[in-house]
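Below, chains carry the letters A, B, ... as their sequence lines are ordered, and counting in each starts from 1.
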Amino acid sequence: MLRITLPDGSSREVPEGSTLQDVAAEIGSRLAKQAVAGKINGRPADLAALVADGDRVEILTLTSDAGLEVYRHTAAHLMAHAVKDLFGDAIQVTIGPSIENGFYYDFYSPHHAFSPEDFERIEGRMQELVDADLPIVRDEVRRDQAVELFRSLGEEYKVQLIEELTEPVVSLYRQGDFVDLCRGPHLPRTGLIKAFKLTSVAGAYWRGDEKNAMLQRIYATAFPDNKQLRTHLARIEEARKRDHRRIGRELDLFSFNEEAGAGLVIWHPRGALLRTLLEDFERREHLRRGYDLVLGPQILKTELWQTSGHYDNYRENMYFTEVDGQSYGIKPMNCLSHMLIYKSHMRSYRDLPLRYFELGTVHRHEKSGVLHGLLRVRGFTQDDAHILCTPEQLDGEIKGVLAFVQDIMGIFGFEYEVEISTRPEKSIGTNQDWELATNALMGALKDSGLEFVINDGDGAFYGPKIDIKLKDALDRKWQCATIQCDFTLPERFDLNYIGADGEKHRPVMLHRVILGAIERFIGVLIEHFAGNFPLWISPVQAIIVNVTDNQAGYAEQVFHYLRDAGVRVEKDLRNEKLGFKIREAQMAKIPYMLVVGDNEMQSGTVAPRYRNGKNLDPMSAADFVQHVQDECSRYH
RNA sequence: GCCCACAUAGCUCAGUCGGUAGAGCGCAUCCUUGGUAAGGAUGAGGUCACCGGUUCAAAUCCGGUUGUGGGCUCCA
C-alpha cells in the first residue's frame, strides 16, 4: 500500500499502482466523475499518472480555475486536431494555451486565411472528435525522437520549440492520429469536452515578435456545459452594449472623422461639457493638494527635444513642423516646459517639493493598427504633473500621489490593479538611483496597504514606475494612473537646488498622471457607468418636458430659473406626447426628467422623474436646485 | 506597422448571377393637445468611402488609398 496526503492534510492508503483517477474514486464516486486532472506534489498531472508513496495529491475539477484551464487546454488540442484534419499539410500547428475565459491556437497557414465561415466546419469536426470519444494518451520520448517525429510530420514550429527545450525527455499527447508536443496535463478523453465555440480569428506574430512570421490565431471558448457557455456569450453581448464607442454616438458625446484624421477626437457639446466638468474637478483637486497650475506651448523647438532625449528615443512617435527654417516638435509629453519653469529661478531646498500640474494636450503618432475609440488615440490630454523634490522627500511624495489616486478612484468607484515595474536591461542611471527609487515606490505601496504585482524588468529606461490599470466592460485592462521616477531629465536639463549645506544638489523627479489621458478615462468611465453618469458629472442633469403646449411658457420660466441656478438643464417643448418625450430622455440617460403639466403650473412646481423610472414628489424649482446640489455633494 | 475582415441615407442594415438603389428609425411639414419608455399622415435625403482598372454595363469583379473593426506588436 502507498500512503498519500490530501490537500486538507488528511492521509490515505491506496494500493500500489494507483493512478490519480483511482485516488479520486477512492475518495468518492462524485469526485471521480468530476475529476479532470490533478496535482502530485504541487505539479499538475494527468488522471492516468501513477502516485507514489508519500506524495501530496490533489484532484482538480471544473469548479477550480486550474481544472478549467486543463479543460480549455484540451479543447485547444481538440481544435488543432480538427483544423489539422480539415486543412492537413497546408497548415502547421504552433501553440495553443488556455486564456482567461477561453483559449486560442496559433496556426501557420500561408495559403488559407481562416474566416468565420470556416468556424462551423471546424466546430463540426470538433464535435465529431468529441463523439468519437478518443482516448488522450501521454507519451514521453527523447528529445531527438520528438524532433524526428515532428520533422517527419512537417511541423517545423514544433521542431523549433523542442530544440529550444533543455529537458532530455519531452511529453507528447496523442488523440487518434493527432499528436502534439505538450507539457499537459489533459483530460483523459475527448468525449469529456461538452460546450465550445470559436469566437474570432486574428493575426499574431510567432512568439509575439513583429520580426517573425504572422500566424493565424483562432480564439475560442469552452465551458463545462452549454448553459455556462450561453451565459458567457450573453455577458459578452451585454458588454458590447456598453461599448463606449456605441454609447458615445448614442449620447452624442463625440465622434471621429475620416477627413479630420484617425485617432483625433471631435468633442460634441455634451461630450465637451463632460470633459470640462472632469477637468474643473481635477484643477480643484490638484490645488487642494498643493500643486501649481502651469501651462506650456503646444510646439517647442526641435533642439529642445534633442536636449531632452525625446528626439533620439521618441522621434518616430512625434509630429514635426517647420516655419521660417526653424523646426519645431509638437509636444508628445508635457515635461519640457515644466523643466523650463523649474530652471527659470535659482531653487533652494526650501522651495521643494514643487508640483507642476498641467492638463496638457499632447500628440503622438501611434501606429495605425492600435487606435481604438477613445481608449487609444493620437491627440489627448493628460492630467500630468511633475514633482521635483529632494531624495528625502521622495517617499512622502509617492505616498501623496497614491493617496490621491485612491481618493479619485474611490469617487468613481473603479476597480483597478496595481503593478510595479523594475529596472529593465536597457536603462540608464546608477544602481544607487534605481535602488532608492524602486524602494521608495515599493515601500509607499506597502505602507498604503495596496496589493500589487511586480513586473520585473518592465520599467521605463529612465526609471521604475507604478501603473494603475482600470478594467473596461470587456474586462480589458487600461492603464490610467502611473507614477514614474525619472533620472534623466533633471540630469539633461541640469536641474539643481541649493541645499542646507550651501552646495548644489540634483532634485529627484516624479512624473505622474491620475486619470491618465482624459480621453481614455472618459472611455472607461462611459463603459463603467454604461452612460448613466452620476449627477455631478452628467453633462445634462435634467430636462424639462411639458405635457401640452399649454405649459410652454411656464416650462421656459422654470428652465431659465434652473439654468441661472447652475443646473445643467435642457428643455423638450416639442409637440409630442409625454410618453414619447420621456422615452427619448430616458434613452439619452438624462438623470432627471422634470414633468410640467397643468397641475405643476398651478402649484408652481415640477414633477421630477429619475432615470430609473422612480418619481419624486412634486417640488418647487428652488427645492429641486437644492436637491441637485445635495445629490452632487454626496458623490464627492 | 503587421494579419484578417468590413465601408450602401444622419443611425441600424437589406440589395440574388455585374444591368443604374431599398427598409426601419431619425429628420421636415401637416393633423393630433395627449400625465410618465414610441399617436397618425405626407415628404425630403444616397457621386453606394475615395482613386484607378476590367467590362457594352460596376454598389457588385480586380488593384491602390483613406477610415473602421478583431487581434499581434507598442502604449496614457
Using only side-chain N and O atoms of [X], determine if any of them is under 4.0 Å from OP1 or OP2 of [N].
X	N	value
A/Arg378	B/A76	no
A/Arg574	B/C27	yes
A/Arg245	B/G69	yes
A/His372	B/G70	yes
A/Arg249	B/U12	yes
A/Gln216	B/C3	no
A/Ser368	B/G1	yes

Which is true for [X] with a 4.0 Å heavy-atom rule: it touches a base, it touches only sugar-phosphate, or it touches nothing?
X	value
A/Val362	nothing
A/Gly208	sugar-phosphate
A/Val370	base
A/Arg520	base
A/Gly597	base
A/Asp384	nothing
A/Gln479	sugar-phosphate
A/Asp209	nothing

For [N], give its Watson-Crick or G-U wobble partner with both distances under 3.5 Å, or none.
N	result
B/A14	none
B/C74	none
B/A28	B/U42
B/U33	none
B/A5	B/U68
B/G63	B/C51
B/G19	B/C56

Can you tell me how far [atom2] of [N] sits from [atom1] of [X], to the nearest Å?
X	N	atom1	atom2	value
A/Asn317	B/C75	CG	C1'	9 Å
A/Glu316	B/U73	CD	C1'	15 Å
A/Met593	B/A38	CE	P	13 Å
A/Phe580	B/C31	CZ	C1'	16 Å
A/Arg512	B/A76	CZ	P	15 Å
A/His363	B/C75	NE2	C1'	17 Å
A/Met587	B/A37	CE	P	12 Å
A/Glu366	B/C2	CD	P	16 Å

Between [M] and [N], how far apart are the [atom1] atoms? Round to whole Å, please.
N	M	atom1	answer
B/G26	B/G39	P	9 Å
B/U66	B/U29	P	42 Å
B/C61	B/C2	P	24 Å
B/G46	B/G22	C1'	11 Å
B/G19	B/A5	P	24 Å
B/A21	B/G63	C1'	26 Å
B/U55	B/G69	P	37 Å
B/G15	B/A9	C1'	14 Å

Test item: side-chain donor near acceptor, [X] and [Y], under 3.5 Å:
X	Y	answer
A/Thr221	A/Asn101	no
A/Glu527	A/His244	yes
A/Tyr592	A/His627	yes

[X] has a side chain; which of [options] sits nearest to it?
X	options	value
A/Phe380	B/G34, B/A76, B/A37	B/A76
A/Ala607	B/C72, B/U66, B/U36	B/U36
A/Glu258	B/U36, B/U68, B/A49	B/A49
A/Glu210	B/U36, B/G1, B/G35	B/G1
A/Arg217	B/G35, B/C72, B/G39	B/C72
A/Asn599	B/G35, B/A37, B/C2	B/G35

Next item on the list: Determine, stepwise, if the pair A/Lys465 / A/Asp467 fulfils salt bridge (Lys or Arg N to Asp or Glu O under 4.0 Å).
Entry: CA-CA 6 Å; A/Lys465 59 174 182 169; A/Asp467 290 328; 3.3 Å; yes
Check: Taking A/His528 as the fixed residue, which of A/Phe521, A/Trp478, A/Phe533, A/Phe414 is the one that meets the ring-ring contact (aromatic ring centres under 6.0 Å, His included) rule?
Finding: A/Phe414
Next item on the list: I would like to know whether A/Glu164 and A/Arg207 meet salt bridge (Lys or Arg N to Asp or Glu O under 4.0 Å); could you show each step before the answer?
Entry: CA-CA 13 Å; A/Glu164 286 169 21; A/Arg207 310 226 124 160; 2.3 Å; yes
Checklist line | Of A/Ala202 and A/Arg583, the one whose closest RNA chain B nucleotide lies more 5' | finding: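 It is A/Arg583, whose closest nucleotide lies nearer the 5' terminus.
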Check: Closer to the 5' end of RNA chain B via nearest nucleotide, is it A/Tyr205 or A/Pro608?
Finding: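 With A/Tyr205 and A/Pro608 compared, the 5'-side residue is A/Tyr205.
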Next item on the list: Would you please determine if the base of B/G71 is stacked by A/Tyr219, with stacking meaning a centroid separation under 5.5 angstrom and planes under 30 degrees?
Entry: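 Stacking between A/Tyr219 and B/G71: absent.
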Notebook entry, point to check: Is it true that atom NZ of A/Lys197 has more than 12 heavy atoms of other residues, nucleotides or ligands lying nearer than 6.0 Å?
Noted result: no
Check: Does B/G43 adopt a syn or an anti glycosidic conformation, taking syn as a chi angle within 90° of 0?
Finding: anti
Check: With distance as the sole criterion, do the side chain of A/Asn550 and the base of B/U33 form a donor-acceptor contact below 3.5 Å?
Finding: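 A donor-acceptor contact between them is absent.
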Checklist line | Check: A/Gln484 side chain, B/A76 base, donor-acceptor under 3.5 Å | finding: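 Checked by distance alone, the answer is no.
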Taking the six-membered ring of [Y], is NZ or CZ of [X] closer than 6.0 Å to its centre and within 45° of its axis?
X	Y	value
A/Lys469	A/Tyr416	no
A/Arg315	A/Tyr311	yes
A/Arg72	A/Phe223	yes

